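Okay, so here's the structure we're looking at.
Remember, predicted model here, so these are calculated numbers, not experimental data. FYI, side chains are in, hydrogens and waters are out, and symmetry mates aren't considered; it's all heavy atoms of this structure.
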Amino acid sequence: MRTWLRIGGAFNAEIGIQAEFSHFKMDEFSPSWINDPYWQGIKGKENKSSRFHLYPRSRFTYEVNKSNRLSLSYQQRAIRPNGSYLCSFLNNSDPTHIIQGNPDLKDEFIHNVELGYQFSAPRLRLTPAIYYRNRTNRIMETASQVNDETVWKKENIGHSQAVGADLSGSWNPVRILTVGFSGDIYRDEIDGRTIGYDEKKSLVCWDVKGNVNVSITPTTDFQVDGFYVSDQLTPQGKIKGRYSVNAGLSQYFLNRKLCANLSINNIFDSLEETTIIDAPNLEMTQKRNRDARVAWLTLTYSL
């Protein structure tokens, strides 16, 4: 349920609240219990909970002129753990990343305040902003040693906050060329002392994204896009920076009803994820690559 109050004119205000009720129920049963006398005749473990929450939102904008606009917004939202996170069983389907469920996982709540500016021109749009983001019960993955194996588990790692600035925009210098870009730099801080971690951790992180679209002919389009993500903070260490570049070529036929598209994802095979753990009870480096270089050829027809 959502309720909004709007005030128009050069100054525009939107104030609202979202009410939400959710009920969760999950029955757990393992095939290994079938021959166990203790579990015979028992349905299994049952986890359930009911939650009600109000999410306030507000946005204030001032239109300086047709090309310039200022905005100030506040939003609260939640990230809820899904069933795979809450199931208490051990998932070893991927021997390189064994996962232990956590039925005690709580919702993560996020408060976000942002001051933004928007500049619009016929061929250029820029949207810079500064923001503050506060998280409680932040959900992150942690590792531990269990019987000589590394087991990963989603946990509420405590309080977290970030202060940063971002910039996004698009540029259309000529009719056949469009450039899109965005960037973000912020200081991320995790305070997990309330759940047993020794100290606060902080790290300056940043990322950039971009895409270029070229209409080579009226029926031929070429696109290249990519991103780079710097080192990211975790409660036990960090995830090393990584990047990816993708490209695609589209050829249209039959008045653009039929399209043949050739695309290559992760051209440089650069999405290997390196996790470094430097904690008092565990030190390790894990490398994983779940996104290999892939080429696709697709045909689509629009009726």
Side-chain angles (χ1 to χ4, degrees), residues 2 4-16 18 55-77 110-134 162-188 204-230 232 241-252 256 259 261 263-267 300 302:
R2 298 182 180 181
W4 288 95
L5 171 65
R6 291 185 173 90
I7 302 173
F11 175 80
N12 185 276
E14 296 182 350
I15 302 173
Q18 177 179 340
Y55 301 95
R57 302 182 181 185
S58 61
R59 181 179 178 85
F60 306 93
T61 60
Y62 178 70
E63 189 172 320
V64 180
N65 52 46
K66 292 183 178 180
S67 300
N68 298 272
R69 177 181 297 178
L70 292 168
S71 65
L72 176 65
S73 64
Y74 165 77
Q75 180 181 7
Q76 185 188 58
R77 60 189 180 93
I110 304 173
H111 301 265
N112 190 78
V113 180
E114 181 177 293
L115 175 63
Y117 167 76
Q118 185 180 77
F119 170 77
S120 300
R123 295 188 177 276
L124 178 66
R125 179 184 61 83
L126 293 173
T127 309
I130 56 175
Y131 62 86
Y132 171 73
R133 187 173 297 133
N134 186 292
V163 178
D166 61 48
L167 171 67
S168 62
S170 62
W171 183 39
N172 182 216
V174 294
R175 183 181 59 83
I176 65 170
L177 176 64
T178 302
V179 179
F181 54 89
S182 65
D184 186 14
I185 182 169
Y186 58 97
R187 180 180 181 273
D188 193 13
V204 175
C205 309
W206 59 279
D207 61 78
V208 291
K209 300 177 183 178
N211 63 81
V212 177
N213 296 274
V214 183
S215 296
I216 301 173
T217 72
T219 58
T220 307
D221 294 338
F222 174 74
Q223 181 186 59
V224 60
D225 64 80
F227 71 87
Y228 178 83
V229 179
S230 73
Q232 302 291 298
R242 57 201 183 278
Y243 72 96
S244 180
V245 178
N246 316 297
L249 181 68
S250 298
Q251 179 64 51
Y252 294 90
R256 299 183 74 89
C259 177
N261 177 265
S263 60
I264 305 176
N265 295 341
N266 192 20
I267 294 173
T300 57
S302 302

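Geometric assessment of R57 against the ring of Y55 yields a negative cation-pi assignment under the 6.0 Å and 45° thresholds.
Take V163 and apply the side chain to side chain contact (heavy atoms under 4.5 Å, CB included) test, not counting sequence neighbours, and it matches Y132. The ring-ring contact (aromatic ring centres under 6.0 Å, His included) test applied to F227 returns no partner, not counting sequence neighbours. In this structure Q76 satisfies the side-chain hydrogen bond (donor to acceptor under 3.5 Å, both in side chains) test together with H53, H111, sequence neighbours excluded. In this structure W171 satisfies the ring-ring contact (aromatic ring centres under 6.0 Å, His included) test with no other residue, sequence neighbours excluded.
For the atom pair OH of Y62 and CG of N68, the computed distance is 11.0 Å after rounding to the nearest 0.5 Å. Rounding to the nearest 0.5 Å places CD of Q75 at 7.0 Å from CG of N112. For the atom pair CG (L115) and CG (L70), the distance works out to 7.0 Å, reported to the nearest 0.5 Å. For the atom pair S73 OG and F60 CZ, the distance stands at 10.0 Å (nearest 0.5 Å). Rounding to the nearest 0.5 Å places CG of N261 at 7.5 Å from CG of L249. To the nearest 0.5 angstrom, D184 atom CG is 10.0 Å from S168 atom OG.
Pairing each heavy atom of A165 with each of Y131, the nearest pair is N-CE2, 3.8 Å. Between V113 and Y74, the shortest heavy-atom contact is CG2-CD1, 3.7 Å. The shortest non-hydrogen separation linking N172 to T178 is ND2-OG1, 3.6 Å. The two residues L177 and V212 come nearest to each other via the heavy atoms CD1-CG1, 3.6 Å.
Within the structure, the salt bridge (Lys or Arg N to Asp or Glu O under 4.0 Å) test picks out no pair touching residues 113-131 (sequence neighbours left out). Sorted by first and then second residue, the pairs that involve residues 214-226 and meet salt bridge (Lys or Arg N to Asp or Glu O under 4.0 Å), not counting sequence neighbours, are D221-R256.
Side chain of S263 to main chain of G248: no donor-acceptor pair is present (N/O by atom type, distance under 3.5 Å, no hydrogens or angles).
Inter-residue side-chain proximity for L126 and F181 is flagged as met; some heavy-atom pair is nearer than 4.5 Å.
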